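A quick write-up on the structure given underneath.
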Amino acid sequence: MKKYVRCQYDNQTYYGLLADDTIHLIEGDIFAVHEVTDRIIRMDEAVLLAPCQPSKAVCIGLNYHDHAAEMKLALPKEPLIFLKPSSAVVGPGAGIEYPAISHNLHYEGEFVVVIGKTARNVSAQQAYDYIFGYTCANDVTARDIQMADGQWTRGKSFDTFLPLGPCIVSGIDPHTVDIKLYVNDEVKQSSNTCQLIFSVPAIIEHITKVMTLYPGDVILTGTPSGVGPMQIGDVVTVELSGIGRLTNTIVRG
Ligand code: MG
């Protein structure tokens with residue numbers, strides 16, 4: 001298991017390997033040729049950024065048994081996919097902007113797959129070869145706009161609507177991860193990725209029948225039960241066991 005971060009340090013952007021409270025700076029791109037240097041900095045000397053820069057985020061609609069039961073929805077026959085734009089990505093600690101044109105902003109805590117190499121027509125059996133690791137996301141949604149439009153793009157694509165981080169963890173089992181979401185320290189979502197309707201390999205097979213995934217692209221695997229509203233000033237945290245906590249504050253857009 002390795003934990004990778006992306007950070008700002010000394011006016012430069014670095015990838016780094018996380019070890020306790022220190023970051024071993026990496027020379028190069030973790031998705032290509034790179035080298036772990038002997039330069040070690042403390043966590044508090046760096047500002048963490050989103051741990052990758054995806055060309056796109058592919059998201060799964062309904063994908064948790066507990067969420068389907070909560071919404072009294074029939075289980076989908078195949079994964080429903082939609083996209084969030086790369087312009088929505090922000091890092092740990094960044095503000096999530098509450099749009100002036102929305103009156104119902106929701107959190108969706110999600111377990112995220114980070115792609116490690118170019119993937120097209122990848123079978124479920126081969127899928128793990130294409131995974132770099134896993135991170136946390138909040139699939140921030142202007143629910144009123146999503147529902148009014150029918151199409152989900154506008155309601156899910158405002159700038160700042162895709163917090164990612166704090167790190168990418170490799171080498172863990174993606175189907176035994178506890179997922180929790182807190183608003184101001186109150187637990188709002190609590191589940192485990194064993195509740196996923198479509199497994200990570202099945203999702204990768206489904207998506208790559210349609211489109212090419214590039215290194216650093218992310219797949220948001222869906223949200224468990226308990227989605228709900230956020231207000232300006234709220235502090236929202238997505239916590240995944242073995243990965244970490246992604247915390248953001250809601251600010252006026
Ligand atoms: Mg979602």
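For ligands, and for the atoms within them, numbers begin at 1 and follow the listed sequence. Keep in mind it's a predicted model, so treat the numbers as computed, not measured.
Every residue two or more places apart in sequence or in another chain that forms a side-chain hydrogen bond (donor to acceptor under 3.5 Å, both in side chains) with His67 is listed here: Glu70. Here Arg252 pairs with nothing under the side-chain hydrogen bond (donor to acceptor under 3.5 Å, both in side chains) rule; sequence neighbours left out. In this structure, Asp21 has no side-chain hydrogen bond (donor to acceptor under 3.5 Å, both in side chains) partners at least two apart in sequence or on a different chain.
Taking 4.5 Å as the limit, some side-chain heavy atom of Ile131 sits within range of a side-chain heavy atom of Ile204.
Protein nitrogen, oxygen and sulfur atoms, that is N, O or S, within less than 2.8 Å of the Mg ion (ligand 1) amount to 3.
In this structure, Tyr4 has its ring center no closer than 6.0 Å to that of Tyr15.
Once rounded to the nearest 0.5 Å, the distance linking CG of Leu164 with CD of Glu110 reads 10.5 Å.
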